[in-house]
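In what follows, chains are A, B, ... by sequence order, proteins preceding strands, each numbered from 1. FYI, side chains are in, hydrogens and waters are out, and symmetry mates aren't considered; it's all heavy atoms of this structure.
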Amino acid sequence: MEYNFQEIEARWRKQWAEQKTYHVEPDSTRPKYYVLNMFPYPSGAGLHVGHPLGYIASDIYARYKRLNGFNVLNPMGYDAYGLPAEQYAIQTGQHPAVTTEANIARYREQLDKIGFSFDWEREVRTCDPAYYHWTQWAFQQMFDSYYSLSLQKAQPIADLVSRFEERGTEGLQAACSEELSFTAGEWQAMSEVEQQQTLMNYRLAYLGETMVNWCLQLGTVLANDEVVDGVSERGGYPVVQKKMKQWCLRVSAYAQRLLDGLDTVEWSESIKETQRNWIGRSEGTEMQFRVAPLAEGEKAAALPRPESFTIFTTRADTIFGVTFCVLAPESELVQGLTTEAQRPAVEAYLEATKKRTERERISDRRVSGVFSGSYALNPFTGAAIPIWISDYVLAGYGTGAIMAVPAHDSRDYAFARHFSLPVVPLIEGADVSRESFDAKEGIVMNSPAQGCACGGLELNGLTVQEAIAATKKFVTAHGLGRVKVNYRLRDAIFSRQRYWGEPFPVYYKDGMPRMIPSECLPLQLPEVSRFLPTETGEPPLGNAADWAWDVEKREVVACSLIDNRTVFPLELSTMPGFAGSSAYYLRYMDPSNAAALVGKEAGSYWQSVDLYVGGSEHATGHLIYSRFWNKFLCDKGVSCSEEPFQKLINQGMIQGRSNFVYRVKNSNTFVSLGLKDQYDTTPIHVDVNLVSNDRLDLEAFRNWRPEYATAEFILEQGEYVCGWAVEKMSKSMYNVVNPDYIVERYGADTLRLYEMFLGPISQSKPWDSNGIDGCFRFLKKAWALCQSAIEAATAPKESENCPIGQEKLSAACGELSAACEKPAPTKDNLKTLHRLIRKVTDDIEAFSYNTSIPAFMVAVDEWRQQQCQSPEVVGRLCVLLAPFCPHFAEEVWHLLGHGSSVCDAQWPQCDESYLKEDSVRLGVQFNGKVRFSLDFPADATSAQMQEIAMAAPEARKYLEGMQVVKVVAVPGRIVNFVLKK
RNA sequence: GCGCCUGUGGCGGAAUUGGUAGACGCGCCAGACUUAGGAUCUGGUGUCCUACGAUGUGCAGGUUCGAGUCCUGUCAGGCGCACCA
């Protein structure tokens, strides 16, 4: 019987849906396993073949785990908030909710055709109020928390308030925007608004005046990871720095835990490294530099002149090579340290710097700066050194001030050379005449002799590493500064001036934000008259007629009712994309719980994601934010696990493989690839769906576009061969391959098999339809093998003609196969089987699916040669094949007479005894070169192998006249003789 | 500049601990069956040579009886960070 994949797949698709085969509930009698895919944004273009790559890989693992007795959670949902739907809305007026709904329907239809074992009853959508209820709730929890550095844990903000009432900031170790210092008395003397402003400094979700990445074209701010090379990741519009009041999340508080957690998870080294870079921990020293008194006749600026300032350095050992200091232009110290004489120059410089955008700063790295007029005193030597201002020092990192050591820092060096400042080398043998010596290695020299201002620190002769440690110790002991750890990781900006996102559950009273009561959540996204910013430049929610909060009625009311006594304006910005994706994996555990994000029972059963599959492009976005979010929820006792994703697999991107036809210039004639060099041609992208194995379907091409209806072709051997190139998969290059097309033509099982066969999951590779026939052929061969086994099992009763494909079939076949004698598997059959079991089991555990598919092909070929008709062997083949080709396996499983789904079968165990060979053929080498092979007993020892090899007639000609120096015999591998004349 | 990863036939890619490099698939070649084949089946296919044989995993060294695999250097490609002190 033919392998009718369309009929088979449709039937099981229906059956699985009706039987709810993939629905799961917590079950304390079985171990759990949680498999998760990064949920997709439902774009208007639908799925292309790249999307299912990761889904198939994780589905195989999910099914494999289930066959091994695990209770597997494998959910799917949609990251439904996002820019494209909103931009489409602006252009067409179509409400984003409508387009999103339509796109989701299309995605679902496409996903359903591929045979995933998703539990659709657990679907979540980030734009569903029942879902974003908990996004808003988490935000409020962060607002009501601060981070205690002594406990390394988020704590209720109320605890901080009572602490302030008792002791002020004394002894407080808390993550904050700015180090504050006040007494209990001072706290009590503050007005309520002042107290609220003070608390903002500590809240984990806070309103902050920060420099943000502002994108004018998108009309919104962007997080650091959404800006690439000074332009927006989405759209590529310019991004400028702007000071704005925005909601922020104090991600930086968790920097150390985010770093430490990386050592506990099974992620690829490269993605861990990317996160380590992004967190950017650097251990250094903060040192106080006193400011030198003004010289005679100098006039200070009007502003109060600081007595000292603090710098941050990782190279404390180079303190004796400091020849100047540099302040960031934005530093608060600049005003106070600028002398009257230098003021015009400094003002001019600050003005010029402000005008330069981030983009210009990156592209144009000319050395620039200005002298402040003031001098600092080296804390060790007391020497006076000039204080400069330059934009190569960043205000946002460290203290915004540095000590410059031109001999050992390339940026300081460039600056010193440009402004003719002295360079003092400190490392033996370092040549600093042309460039600085930046490496942290070598032996220190040139530190002053005993008896300098801070005598007792002797660095000469130490290695750099020793000198850093010695200096740190000295600095701490003498109160010159402190050891400090800095992180590059910034707080996440959490406001977006957009419509299609989660609204903030916040209203404003006296200019201070207040949370709406958590019982009133979710605060639903209002309707707006238009999706663009308002005329006054407010975010799109400014267009909503009903967007005010009535604190008495506890509901949303019309904006016209705002009186700032009982009715207040609501927040107009919305949350960014990463808000909704930060805790969705928790929601899948308990998707319909109305009382909590995730219930205690569900949470403690499912714990965390065991296997997470998705693209590596989220390394510094989603994968940082959701780890932060989870750690916070873990502190609050909501999440049960410190890390949300235990194992992470990054699937590579599938690129497009474009095809070209070559049009002879000024004609409608197209020449085949091999002959194109004989003509003057223009390559034209041709839709890859008109091409098969790089051969163009001429008829389809003529019908593709009206202008090609009369096309003429110059063929090679009767065929038109197309050129090809690997490019990004995109509509404009006509190289988008739609999975529906593959499913229609070859079936879902072939698609699944082929996507895995394409190469290692984590590698990026182009989609190439050329190989798909090989996988299709394999399934057809496997089908034929299975058919003969089914026939053998059911044939004896010729009178009852089994109508295959009918409903009653499985029951009927069950009786039949029990009644008749089944062909027993031969030893060879079983040998092939157990070798396959071993290989496939090992491969799945290692996510190396691309290598287990060849193993299936070889095994099926072997069985066909052995004329295997054993239902037992074929049955176990079905189970092995079930994760890869579920429809196929299910069909054969039923035809073999099994009543239940193959999904609930048991994964076969490998019987090692079948793998042992009686004898094994090994190469015999002389002087490292294989000369002949011999059969050895499989369990031969090294000594026995030597004996056999030396006695072999073939060996005589090599051993003659030679002296055996050494014999190496590796059982199971090789026998090697080392000979000498 | 710093960090991470990858280099194997015409192509995608295999190769436990160092042990007969190129599994499997595509493509190509030959044959069988066919009125026909973009169907099916069988055999062949790294390179050089008529053959014996030689040679071969980016390049150059090293360790070893033996290296795709280990070590050193180098080149190329990809990714991440990037004036982070």
Side-chain angles (χ1 to χ4, degrees), chain A residues 229 268-282 284-285 311-316 318 326 328 361-362 365 367 390-394 396-405 408-412 414-415 438 486-490 616-617 619-620 650 652 657 692-695 697 719 724 753-754 757-760 762-775 777-778 780-781 784 842 846 848 850-858 861 864 921-933 965-979:
Chain A
D229 292 334
S268 75
E269 208 40 56
S270 71
I271 211 149
K272 284 192 195 178
E273 203 55 36
T274 301
Q275 290 212 344
R276 288 193 190 106
N277 275 337
W278 190 258
I279 295 166
R281 180 191 153 102
S282 103
T285 315
I311 59 92
F312 175 77
T313 182
T314 53
R315 292 296 301 272
T318 59
V326 187
R361 278 208 199 182
I362 290 167
R365 287 193 189 169
V367 177
S390 172
D391 65 1
Y392 85 87
V393 174
L394 306 175
Y397 185 78
T399 59
I402 63 153
M403 62 178 212
V405 185
H408 302 296
D409 182 286
S410 53
R411 297 151 301 177
D412 297 346
F415 194 83
D438 289 17
N486 264 326
Y487 299 92
R488 208 188 65 89
L489 184 71
R490 294 298 145 78
S616 56
E617 67 273 20
T620 55
N650 297 115
R657 188 178 185 281
S692 175
N693 284 348
D694 287 337
R695 304 296 186 276
D697 181 335
E719 290 179 325
W724 60 274
L753 215 49
Y754 184 57
F757 184 63
L758 219 48
S762 50
Q763 220 161 76
S764 282
K765 58 233 154 186
W767 177 260
D768 178 358
S769 312
N770 287 350
I772 202 160
D773 291 302
C775 289
R777 263 197 283 272
F778 159 72
K780 282 193 284 192
K781 282 186 198 174
D842 289 353
S848 172
N850 58 318
T851 58
S852 45
I853 292 160
F856 278 116
M857 293 175 173
V858 169
D861 274 348
R864 275 155 58 83
R921 198 162 183 83
L922 294 180
V924 178
Q925 301 185 345
F926 290 92
N927 283 345
K929 201 147 285 179
V930 178
R931 305 293 174 171
F932 57 89
S933 3
V965 176
K966 195 173 172 185
V967 181
V968 185
V970 181
R973 292 290 181 197
I974 200 116
V975 185
N976 184 43
F977 291 82
V978 184
L979 304 178

(request) Would you mind telling me which residue lines up with the more 5' stretch of RNA chain B, A:Thr314 or A:Ile853, judged by nearest nucleotide? (result)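 Counting from the 5' end, the first nearest nucleotide belongs to A:Ile853.
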(request) Assign each of A:Gly398 and A:Lys780 to its nearest nucleotide of RNA chain B by heavy atoms, then name whichever residue's nucleotide is nearer the 5' end. (result)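 Checking each residue's closest nucleotide, the 5'-ward one belongs to A:Lys780.
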(request) Specify the closest pair of heavy atoms between A:Met403 and A:Arg315, including all atoms of both residues, with the distance to one decimal. (result)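 Looks like CE-O, 3.5 Å.
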Calculate the interatomic distance between [X] atom [atom1] and [N] atom [atom2]; express it in whole Å.
X: A:Trp278; N: B:C4; atom1: CH2; atom2: C1'; value: 17 Å
X: A:Met403; N: B:C83; atom1: CE; atom2: P; value: 21 Å
X: A:Glu273; N: B:G3; atom1: CD; atom2: C1'; value: 6 Å

(request) Pick base, sugar-phosphate or nothing for A:Lys272, based on heavy-atom distances below 4.0 Å to the nucleic acid. (result)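 A:Lys272: no heavy atom of the nucleic acid under 4.0 Å.
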(request) For A:Val405, answer base if it contacts any base atom (sugar-phosphate contacts may also be present), sugar-phosphate if it contacts only those atoms, and nothing otherwise; contact means non-hydrogen atoms under 4.0 Å. (result)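 No contact.
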(request) Classify the glycosidic conformation of B:G9 as syn or anti, calling it syn when the angle lies within 90° of 0. (result)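 B:G9: syn.
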Between [X] and [N], is there a side-chain N or O to OP1/OP2 distance below 4.0 Å?
X: A:Arg777; N: B:U40; answer: yes
X: A:Arg276; N: B:C81; answer: no
X: A:Tyr397; N: B:A85; answer: yes
X: A:Thr274; N: B:G3; answer: no

Kindly give the atom pairs (protein nitrogen or oxygen, nucleotide nitrogen or oxygen) under 3.5 Å for nucleotides 10-16 of chain B.
| from | atom 1 | to | atom 2 | distance (Å) |
| --- | --- | --- | --- | --- |
| B:G12 | O2' | A:Leu758 | O | 2.7 |
| B:G13 | OP1 | A:Gln763 | OE1 | 3.1 |
| B:A14 | OP1 | A:Asn850 | ND2 | 3.2 |

(request) Determine the interatomic distance between C1' on B:C71 and the same-named atom on B:C26; round to the nearest Å. (result)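 It comes out at 37 Å once rounded to the nearest Å.
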(message) Are A:Tyr754 and A:Trp767 packed together at the side-chain level, in the sense that at least one heavy-atom pair is separated by less than 4.5 angstrom?
(response)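 Heavy-atom side-chain distance check passes, below 4.5 Å.
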(message) I'd like to check A:Phe415 versus A:Asp409 (side-chain heavy atoms, cut-off strictly below 4.5 Å). Are they in contact?
(response)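 Not in contact.
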(message) Using modelled atom types and a 3.5 Å cut-off, is there a donor and acceptor pairing between side-chain atoms of A:Asp412 and backbone atoms of A:Val405?
(response)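 Yes; at least one donor-acceptor contact below 3.5 Å.
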Proximal nucleotide (of [options]) relative to the [X] side chain:
X: A:Arg864; options: B:C41, B:A85, B:G25; result: B:C41
X: A:Val393; options: B:A85, B:A23, B:C83; result: B:A85
X: A:Asp391; options: B:C83, B:C4, B:C24; result: B:C83

